[in-house]
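Below is one structure, written out as structure tokens; comments come after it.
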Number of protein chains: 2
Amino acid sequence: MPQAAGPSRSHPATLGDVARLAGVSIATASKALNGRSQVRAETRQRVIEAAERLSFRPNQLARGLLAGRTGTVGLLTSDLEGRFSIPILMGAEDAFGAGEVAVFLCDARGDAIREQHHVRALLGRRVDGLIVVGSRTDPRPSLGRELPVPVVYAYAPSDDPDDLSIVPDNVDAGRIAVQHLLACGRTRIAHITGDPGYLAARERAEGTRAALADAGLALVGEPRFGAWSEGWGRAATALLLDQHPEVDAVLCGSDQIARGVMDVLRERGHRVPEDVAVMGFDNWQVLTSASRPPLTSVDMNLEQVGRAAAHALFTAIGGARRSGVETLPCRVVIRGSTAPLS
Amino acid sequence: MPQAAGPSRSHPATLGDVARLAGVSIATASKALNGRSQVRAETRQRVIEAAERLSFRPNQLARGLLAGRTGTVGLLTSDLEGRFSIPILMGAEDAFGAGEVAVFLCDARGDAIREQHHVRALLGRRVDGLIVVGSRTDPRPSLGRELPVPVVYAYAPSDDPDDLSIVPDNVDAGRIAVQHLLACGRTRIAHITGDPGYLAARERAEGTRAALADAGLALVGEPRFGAWSEGWGRAATALLLDQHPEVDAVLCGSDQIARGVMDVLRERGHRVPEDVAVMGFDNWQVLTSASRPPLTSVDMNLEQVGRAAAHALFTAIGGARRSGVETLPCRVVIRGSTAPLS
DNA sequence: AAATGAACCGAAAAGGCTTTCAGAAAGCTA
DNA sequence: TAGCTTTCTGAAAGCCTTTTCGGTTCATTT
């Protein structure tokens with residue numbers, strides 16, 4: 001017995017196959033499957049059943065060729081390993097995924113040549129738009145204005161103000177962190193943060209200072225810039241305690257730094273949060289929940305950044321182009337490492 | 001002055017535009033650009049220059065429609081946040097990226113319905129193949145045999161032995177970990193590991209036991225299953241030290257657990273690695289390098305798993321289908337937390 | 001019974017590319 | 001000069017779908 005024309009035969013079913021099986025023309029089959037109104041209900045049913053039998057799915061290539069839009073977007077990241085790209089990527093996938101859009105993922109590994117190569121490949125595939133995700137918040141070179149499709153930059157803004165960039169508001173992040181510590185009754189606040197070459201470090205410090213100034217206060221000592229590591233957190237804390245034993249809160253530039261800070265505080269006999277409150281940035285689950293006590297941290301709302309970028313791209317594809325850098329607010333996630341002074 | 005027909009005009013250039021500008025037919029233009037031999041060198045040059053001027057890139061949709069293959073693959077992950085998907089994804093992107101293949105990324109969020117939806121969408125886009133990436137090593141439901149394109153499962157194997165799965169060898173991982181500890185002269189080795197519901201935990205424990213048996217030894221106590229967390233590492237270590245103070249090495253089921261183990265060891269006055277050696281699994285950079293001392297860990301070679309999966313998919317697209325579960329070896333990355341007994 | 005209108009259906013073109021095949025041009029031999 | 005090969009070039013078909021528009025069928029009206 002010859003095998004019935006099933007889903008697994010060499011070539012997937014085409015609309016022509018469906019039409020033949022249903023005994024109608026290709027045009028009618030198309031209309032039936034697409035809900036056009038010029039088909040008798042009974043005929044439509046026959047076509048639908050035929051399509052079902054052949055597990056027919058319309059070839060999106062052909063459809064895209066005709067329609068001029070493909071329902072695909074390119075997602076260009078520079079740093080997949082980094083923990084910043086992923087939530088953004090998820091947010092974007094989320095925002096698109098509900099509809100009929102598919103995402104091409106490309107990782108340029110921080111290499112401009114490779115990035116250029118990927119852009120060309122994506123344009124060849126006729127993506128409807130591009131999202132460019134950076135791994136740090138410092139501005140990055142624009143892809144240029146000559147691209148035939150809209151581009152949205154996420155996390156790392158473009159250096160061309162004519163492009164649209166969606167980034168978390170790091171200044172505000174520093175501000176709300178301090179406001180939380182102030183609300184806990186802390187007034188002698190130190191700031192230990194990361195590499196001053198990172199805009200994120202400088203902006204968070206700026207927000208910190210501004211919020212303190214608003215309250216008529218100042219930092220305990222200067223902001224201590226260093227590296228984004230636990231080791232730096234430990235070293236800086238040792239110095240801090242020697243110079244300013246009166247400190248009652250440490251705002252850390254990242255969760256990793258905070259982790260190191262807390263370790264040294266505990267070892268030196270300071271209780272967290274009773275004697276010293278500690279906060280971090282990024283709300284990196286694996287660090288915040290494993291530390292003792294769990295770490296209060298500022299969440300940068302990266303998934304929301306991704307969703308916003310995807311949404312902006314959508315509207316840009318629809319024709320409504322925006323430009324400039326748009327910032328999104330962050331939020332404080334309160335855990336055990338901060339509490340009101342008793 | 002009217003704007004020259006540049007790259008940024010409304011519709012991207014087509015082969016027809018190039019041909020017209022070069023003063024040849026569409027067919028000749030195609031042959032010239034694709035290196036076919038039936039074109040005079042001078043003509044070819046003219047065409048290439050015209051294509052350059054218009055920044056023409058061949059429409060991959062049209063090309064794919066004609067060729068029957070699109071040069072795209074779908075990457076279906078169940079858990080983007082997880083740190084296992086990403087290296088695999090990078091390895092796959094790497095293996096493909098060199099050539100002309102683009103990757104569609106889909107995250108099913110562990111939802112079978114959503115997964116099915118994504119598979120259908122990908123097939124509609126006529127991907128040439130699929131890679132399915134799991135977030136744990138336990139077998140997962142097969143997508144079925146009726147798919148019109150080859151499928152390779154990575155990290156989490158399919159439950160259908162007729163599918164091809166590429167996974168790290170967790171039994172061997174346990175084995176080489178113990179061999180390293182034995183080489184360091186340790187003989188009183190304990191094993192603190194994660195959730196026994198995870199195959200990875202059971203397999204690593206199995207390899208551990210086997211390697212010890214080969215050396216005529218046994219674990220100190222039973223393997224201690226619990227959770228994949230620092231908290232469990234701390235709790236289990238406290239118990240362990242009470243019951244078996246003679247222990248000279250702790251093999252931990254994950255780097256997180258190891259981190260907790262080391263904290264308690266230090267607090268209880270045991271030196272690492274002089275008194276007790278500590279090892280983890282996964283080689284998760286942020287944990288291994290931040291701990292004191294830096295943590296020796298077993299790297300699961302996930303990027304290699306990704307590359308192997310991509311490579312297998314490639315050959316399967318070429319027609320050479322394999323099946324069964326193929327395991328890849330892991331490797332020990334030695335850092336400060338293990339050293340020979342002095 | 002003839003005419004009108006509505007409801008359906010199908011032929012054909014379009015979209016951009018590759019490939020085949022036949023024809024044109026040029027170079028060579030006898 | 002006629003006949004042959006060699007080298008290029010271009011017309012056209014095909015990939016799969018959607019959409020337009022003209023044609024067919026059938027029920028209804030006069």
Side-chain angles (χ1 to χ4, degrees), chain A residues 9-48 50-51 54-72 100 121 123-128 148, chain B residues 9-48 50-51 54-72 100 121 123-128 148:
Chain A
R9 58 176 215 186
S10 54
H11 287 302
T14 76
L15 189 56
D17 298 332
V18 174
R20 196 167 337 108
L21 182 58
V24 298
S25 77
I26 291 184
T28 303
S30 172
K31 280 178 282 197
L33 293 175
N34 290 307
R36 292 281 165 287
S37 63
Q38 305 157 326
V39 184
R40 200 175 4 168
E42 173 202 318
T43 308
R44 183 187 307 275
Q45 193 52 36
R46 223 168 54 236
V47 172
I48 290 177
L54 300 175
S55 40
F56 165 78
R57 13 214 67 261
N59 186 327
Q60 297 295 132
L61 297 183
R63 203 177 251 187
L65 191 56
L66 203 53
R69 17 175 308 287
T70 56
T72 59
E100 296 300 277
L123 292 180
R125 295 212 138 81
R126 294 298 186 270
V127 293
D128 295 331
Chain B
R9 56 176 218 187
S10 54
H11 287 302
T14 76
L15 189 55
D17 299 332
V18 174
R20 197 168 335 109
L21 182 58
V24 298
S25 76
I26 290 185
T28 303
S30 171
K31 280 178 280 199
L33 293 174
N34 289 307
R36 292 281 165 286
S37 63
Q38 306 156 325
V39 184
R40 202 176 2 168
E42 174 203 317
T43 309
R44 183 188 307 276
Q45 193 53 37
R46 223 170 53 239
V47 173
I48 290 178
L54 300 175
S55 43
F56 165 78
R57 13 215 67 261
N59 186 327
Q60 298 295 132
L61 297 183
R63 204 177 250 189
L65 191 57
L66 201 53
R69 16 175 308 288
T70 55
T72 59
E100 297 299 276
L123 292 180
R125 295 210 139 81
R126 295 299 187 268
V127 293
D128 296 331

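As the structure is a prediction and not an experimental result, all values here were calculated from the model. Chain identifiers are assigned alphabetically (A, B, ...) following the order of the sequence lines, protein sequences preceding nucleic acid strands; residue numbering begins at 1 within each chain.
The residue A:Ile26 sits close to a base: some heavy atom pair falls under 4.0 Å.
The phosphate of D:dT18 has OP1 or OP2 within less than 4.0 Å of a side-chain N or O from A:Asn34. Proximity of A:Thr28 to the phosphate of C:dG10: a side-chain N or O atom is located under 4.0 Å from OP1 or OP2. For B:Thr43 and D:dT9, the shortest distance from a side-chain N or O to OP1 or OP2 is below 4.0 Å. An OP1 or OP2 oxygen of D:dC16 is reached within less than 4.0 angstrom by no side-chain nitrogen or oxygen of A:Arg63. Dashed line: the shortest gap from a side-chain N or O of A:Thr14 to OP1 or OP2 of D:dC16 is not under 4.0 Å. Contact annotation: A:Ser25 does not reach the phosphate of C:dC9 (side-chain N/O to OP1 or OP2, under 4.0 Å).
Nearest-nucleotide mapping onto DNA chain C: of B:Lys31 and B:Pro58, the residue sitting toward the 5' end is B:Pro58. Judged by closest nucleotide on DNA chain D, B:Arg44 is the one of B:Leu66 and B:Arg44 placed further toward the 5' end. Residue whose closest nucleotide on DNA chain D sits further toward the 5' end, between A:Gln60 and B:Gly23: B:Gly23.
In this structure, the nucleotide among C:dG10, C:dC17, D:dT18 sitting nearest to the side chain of A:Val24 is C:dG10. Residue A:Arg40 places its side chain closer to C:dC9 than to any other of D:dT18, D:dC15, C:dC9. Closest contact between the side chain of B:Leu15 and the listed nucleotides D:dT9, D:dC15, C:dC17 involves C:dC17. Closest to the B:Gln38 side chain, of the nucleotides D:dT9, C:dT19, D:dC16, is D:dT9. The side chain of B:Ala27 lies closest to D:dG10, out of D:dT19, D:dT17, D:dG10.
Between the CG atom of B:Asn59 and the CZ atom of A:Arg125 there is a distance of 10.5 Å, given to the nearest 0.5 Å. To the nearest 0.5 angstrom, A:Arg126 atom CZ is 8.5 Å from B:Arg57 atom CZ. Going from atom CG of A:Leu66 over to atom CG of A:Leu61 covers 12.5 Å, rounded to the nearest 0.5 Å. Here the CZ atom belonging to B:Arg44 is positioned 9.5 Å from the CZ atom belonging to B:Arg36, to the nearest 0.5 angstrom. Note that CZ of A:Arg20 is 9.0 Å distant from CG of A:Leu54, once rounded to the nearest 0.5 Å.
Computed from coordinates, the B:Arg69 CZ to C:dC17 C1' distance equals 15 Å when rounded to whole Å. One atom, CG of A:Asn59, and another, P of D:dT18, lie 10 Å apart when rounded to the nearest Å. Straight-line distance from the CG atom of A:Asp17 to the P atom of D:dC15: 11 Å, rounded to whole Å. As rounded to whole Å, 13 Å separates atom P of C:dA26 from atom CD of B:Glu42. Whole-Å rounding puts the B:Arg36 CZ to C:dT18 P distance at 9 Å. Atom CG of B:Leu61 is separated from atom C1' of D:dG14 by 17 Å (rounded to the nearest Å). Rounded to whole Å, atom P of C:dC8 lies 15 Å from atom CD of A:Gln45. Rounded to whole angstrom, the span from the CG atom of A:Leu65 across to the P atom of C:dA14 amounts to 13 Å.
Around atom CD of A:Glu100, no more than 12 heavy atoms belonging to other residues, nucleotides or ligands sit under 6.0 Å away.
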